[in-house]
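One structure is given below, encoded as structure tokens.
Atoms within each ligand, like the ligands themselves, are counted from 1 in listed order.
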Amino acid sequence: MSIGTLTTKLDAFFAQNSFDEPHLAIDLDKVASNFKNLASALPEASIYYAVKANPEPQILSCLKDIGSCFDAASITEIKLCLSLGIPAKSISFGNTIKKQGDISQAFTLGIRSYAFDSEEELQKIASLAPGSDVYCRVLVDCAGADWPLSHKFGCSTTMARGLLLKSINLGLQPIGLSFHVGSQQTQISQWDNALEQIHDIYKDLKEQGIELSTLNLGGGFPTAYNAHVPSIAQYGGSLSAALEKHFGDNCPKIIIEPGRYIVGDAGVIEAEVVLVSRKNAEEEKRWVYLDIGIFSGLAECLDEAIKYPITVVGKEADTNLGPVILAGPSCDSVDVLYEKFNYQLPLDLKSGDKIRIHATGAYTTTYSSVGFNGFPPLSCSCI
Ligand SMILES: *Cc1c(COP(=O)(O)O)cnc(C)c1O
């Protein structure tokens, strides 16, 4: 399927349904096939879907049915998973910043796997979730990621080594390390770099009699927003080779936490053009205002980080195109989607035209405000 086209199911859905407000539709078959493609690209890994990418219950149930585990970032996400019959042992509490009350609740609900990246967090887990499995997130290079998670999470490898040792004295079970190379990471070698940085800890601790059973390679697997994204098979091959290079026959159990890759290209938003205008008559570039913007689901357009393919319904084959600046409907000047990147749309584009914003299944619905300026949050159908 080429970029900017719809699956048969999504095509039929939008042909049969029209919406007064922007609407996201998710093809669950595509969610399942993405999961399966990733599983076969990296067969040694257990997959923990990062719930935050899109927590629609039908998506979680679909993934549960095909063998996914889940990475939850909050007590609400944990409860949502449990309410769908996902067993507590298949859920990991992956946020390194947790309120005490939330750790206690998670422990009561049966969650036994927790991430940390600081001494205080480790102490909290030790007292509120005694005896649990813990893994330490390390800080790695996120260069090459379109949506970097930068330096907010993770500690140095030296600190991680010390904290893992300490966790034993606190009565916890240290299971290993985790890292995240940044979301939409198109530089595959960043996983190899991260493994280079951390593999010694597994050897060092083994010499001290501590076997770290698990290694969590995080998320970062990309959605193909454009033609330059390597295939998932290339990611799988490259990561397997890197694991072999750094661990040989002593490879720990591998976990990955994909979010974007699983749901990104399974979703398409249909929205509407509200106004096409020029700031002065001579200007070639038109301003195109949509009924969806930064505050109603397209937060990842900030700094033009994620560049979604955009098509106009009924004008997909139009070759009479001209440059546009795309903006949202709200009264906030931050609400400009694309100004630097040169989007081209049909010259006869006018208000009322329907547009499709492709590959918007990840990080859209939950990023939309509850109603800034009275514009409603992004609605979603799973089909
Ligand atoms: C957000 C997040 C993920 C998912 O990242 P993607 O880039 O969407 O694959 C995985 N793990 C953790 C800890 C996260 O915070």
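Using a 30° and 60° split on the angle between ring planes, Phe70 and Tyr49 fall in the perpendicular class, above 60°. Ring pair Tyr343/Phe341 is perpendicular by interplanar angle, where above 60° counts as perpendicular and below 30° as parallel.
Taking both residues in full, the closest heavy atoms of Val276 and Leu349 are given as CG2-O, 3.6 Å, listed atom of the first, atom of the second, then distance. Closest heavy-atom contact between Leu290 and Val274: C-CG2, 3.6 Å. When all heavy atoms of Ile201 and Ala160 are compared, the pair lying nearest together is CD1-CB, 4.4 Å. Ser156 and Val138 get closest at one heavy-atom pair: O-CG1, 4.3 Å.
Only the side chain of Tyr363 comes within 4.0 Å of ligand 1, counting heavy atoms alone; its backbone N, CA, C and O stay farther away.
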If you look only at distance, which donor and acceptor atoms sit under 3.5 Å apart when one is on a side chain in residues 51-60 and the other is two or more places apart or in another chain?
{"unit_1": "Asn54", "atom_1": "OD1", "unit_2": "Glu56", "atom_2": "N", "d": "3.1"}
{"unit_1": "Asn54", "atom_1": "ND2", "unit_2": "Gly361", "atom_2": "O", "d": "2.9"}

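Where the criterion is an N or O separation shorter than 3.5 Å, residue side chain and backbone included, Arg260 meets it with respect to ligand 1. Among the atoms of Gly94, none of the N or O lies under 3.5 angstrom from an N or O of ligand 1. By the 3.5 Å distance cut-off applied to N or O atoms, Gly259 is counted among the residues near ligand 1.
Using a 4.0 Å cutoff on heavy atoms, Ala53 does not count as a contact of ligand 1. Heavy-atom separations between Gln185 and ligand 1 are all 4.0 Å or longer.
In this structure, Phe372 has its ring center closer than 6.0 angstrom to the ring center of Phe295.
Short contacts between ligand 1 and Ala50, defined as distances under 4.0 Å to a heavy atom of the residue, involve ligand atoms 3 (C), 4 (C), 10 (C). Residue Arg137 approaches ligand 1 through these ligand atoms, each under 4.0 Å from one of its heavy atoms: 13 (C). Under a 4.0 Å criterion applied to the non-hydrogen atoms of Pro258, ligand 1 contributes the atoms 9 (O).
Judged by the 6.0 Å and 45° rule, Arg137 forms no cation-pi pair with Phe116.
With hydrogens left out, the protein atom closest to atom 1 (C) of ligand 1 is Lys52 NZ, 1.2 Å, a heavy atom. Here the heavy atom of the protein found nearest to atom 7 (O) of ligand 1 is Ser183 OG, 2.5 Å. In terms of protein heavy-atom proximity, atom 12 (C) of ligand 1 is closest to Glu257 OE1, 3.4 Å. The shortest contact between atom 5 (O) of ligand 1 and any protein heavy atom is with His180 NE2, 2.9 Å.
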